[in-house]
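Chain identifiers are assigned alphabetically (A, B, ...) following the order of the sequence lines, protein sequences preceding nucleic acid strands; residue numbering begins at 1 within each chain. Just so you know, these numbers use all the heavy atoms, side chains as well, and skip hydrogens, waters and symmetry mates.
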Protein chains: 2
Amino acid sequence: MPAPTLPSEQSAAALIAACGGRITRTRLAVLGILRDSAHSLSHDDIAAQLLALDVHHDRVTLYRTLDWLVEQGLAHRVSGPDRAWRFNSGRDNAGAHAHFHCDRCGHIVCLESIRPDESLALPAGYRPERAELVFHGTCPDCGRRRAEDA
Amino acid sequence: MPAPTLPSEQSAAALIAACGGRITRTRLAVLGILRDSAHSLSHDDIAAQLLALDVHHDRVTLYRTLDWLVEQGLAHRVSGPDRAWRFNSGRDNAGAHAHFHCDRCGHIVCLESIRPDESLALPAGYRPERAELVFHGTCPDCGRRRAEDA
DNA sequence: TCACTAATGCAACATTGTAGCATTTCAGCG
DNA sequence: CGCTGAAATGCTACAATGTTGCATTAGTGA
């Protein structure tokens, strides 16, 4: 019986090889996890999935693997609401709609109905892959709470 | 000779008192610094300015002071490119234009010519104070470097 | 199979932020 | 003005996230 394999691992191996990198179990598993996920994952999320898949790994190795994937363009790094990076495999739909970020309580809400305008012209040389539109302000809960304080 | 006083400290004291908080040297100085700055400052930036003003303080006290200012609505907390918060006194112009965030090298570039559309309708209860438009992708430098690699 | 080196694993460190608790200091009051 | 109680501070220790250096392991090509 072969080792457990994620559905997208075959193409993952090809992608890794195409970058001139060695094909290792950590890279295969991490890239597979990222490609199977619909949204961005934190280092911690990925570590948990690796554990579930019985892929032994080291914290530092995971950081370096993710750095390498980002450097090769196989993954993207985005900064989350807390002070931790999120990673995704490029085509995810997290950036397709706008977000509301409450500066009072720090919560982030998806505004599915609003989409950023991606047609704006950027200066030469910049190659945008997605646009992120974030509104900052006060959310309904915090607005209410503040009114009660007064 | 009186202690050095920032230009906006008078009104800062009034703002603090209006929130029902005690007027302390740390709050006066921090709020003054934020109000005098045109852009968002990190905890570290603020600590450096406090040091320059000879306002003795503790790391933890500064965190708690900033938390309190944010809670009272006297300051805003925004997440920076690195995993550290930035603080500002509300009306700053950092959000008035779009930014380009290179996912490869992590650098952030201001795109002065592009401004987010603030006229979009948000769901009821949300009170936006500013909109942030960030393009993610590859910057000219990284695009060139990647072409050379191939 | 062998050798070379990329990749890993480990330990120690750096940065950013929090929790608990004793001490200081602000602000109201006699 | 000098007390007094609670708010604010300062200290120590801790937690979360990420990085550096270096010895060891393991892919890859021959």
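Both tests do not hold together for B:Arg83 against A:Trp85: distance to the six-membered ring centre under 6.0 Å, angle to the ring axis within 45°.
At a cut-off of 3.5 Å, with distance as the only test, no side-chain donor of A:Thr26 or A:Arg64 sits close to an acceptor on the other residue.
A salt bridge links A:Arg77 and A:Asp67; the closest N-O separation between the charged side-chain nitrogens and carboxylate oxygens is under 4.0 Å.
Look at CG on B:Leu62: it is 14 Å from P on D:dC11, rounded to the nearest Å. Going from atom CG of B:Asp58 over to atom P of C:dT18 covers 14 Å, rounded to whole Å. In this structure, B:Arg27 atom CZ and C:dT25 atom P are separated by 15 Å, rounded to whole Å. If you measure from atom NE2 of A:His57 to atom P of C:dG9, you get 9 Å, rounded to the nearest angstrom. One atom, CG of B:Leu28, and another, P of C:dT25, lie 16 Å apart when rounded to the nearest Å. With rounding to whole Å, A:Phe87 atom CZ is found 12 Å from D:dT17 atom P. In this structure, B:Glu71 places its CD atom 13 Å from P of D:dA7, rounding to the nearest Å. Between the C1' atom of C:dG9 and the CG atom of A:Leu50 lies a distance of 15 Å, rounded to the nearest Å.
Close to D:dG18, at under 4.0 Å from its OP1 or OP2, lies a side-chain N or O of A:Trp85. Between D:dA8 and B:Thr61, no contact under 4.0 Å exists linking OP1 or OP2 to a side-chain N or O.
When atom types are taken as modelled, the side chain of B:Thr65 and the backbone of B:Thr61 share a donor-acceptor pair closer than 3.5 angstrom.
Interatomic distance, CG of B:Leu66 versus CG of B:Leu62, reported as 4.5 Å (0.5 Å rounding).
Across all strands, B:Thr24 comes closer than 4.0 Å only to sugar-phosphate atoms, never to a base (heavy-atom distances). Residue contacts for B:Trp68: at a heavy-atom cut-off of 4.0 Å it reaches no nucleic acid atom on any strand shown.
Comparing B:Arg83 and B:Thr26 along DNA chain D, the residue whose closest nucleotide (by nearest heavy atom) sits nearer the 5' end is B:Thr26.
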Per-nucleotide protein contact string for nucleotides 21-26 of chain D (B base, S sugar-phosphate only, - none; heavy atom under 4.0 Å):
B----B
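Out of D:dG18, D:dT28, D:dG10, the shortest distance to the side chain of B:His56 is found at D:dG10. Taking every side-chain heavy atom of A:Ile23 into account, D:dT28 is the closest of D:dT28, D:dT9, D:dA13. Out of C:dC10, D:dG10, D:dT17, the shortest distance to the side chain of A:Tyr63 is found at D:dT17.
Annotation: side chain of B:Arg25 is in contact with side chain of B:His56 (closest heavy-atom distance under 4.5 Å). With a 4.5 Å cut-off on side-chain heavy atoms, A:Leu133 and B:Val134 do not count as touching.
The base of D:dG18 sits with one of its N or O atoms less than 3.5 Å from a complementary donor or acceptor on the side chain of A:Arg59.
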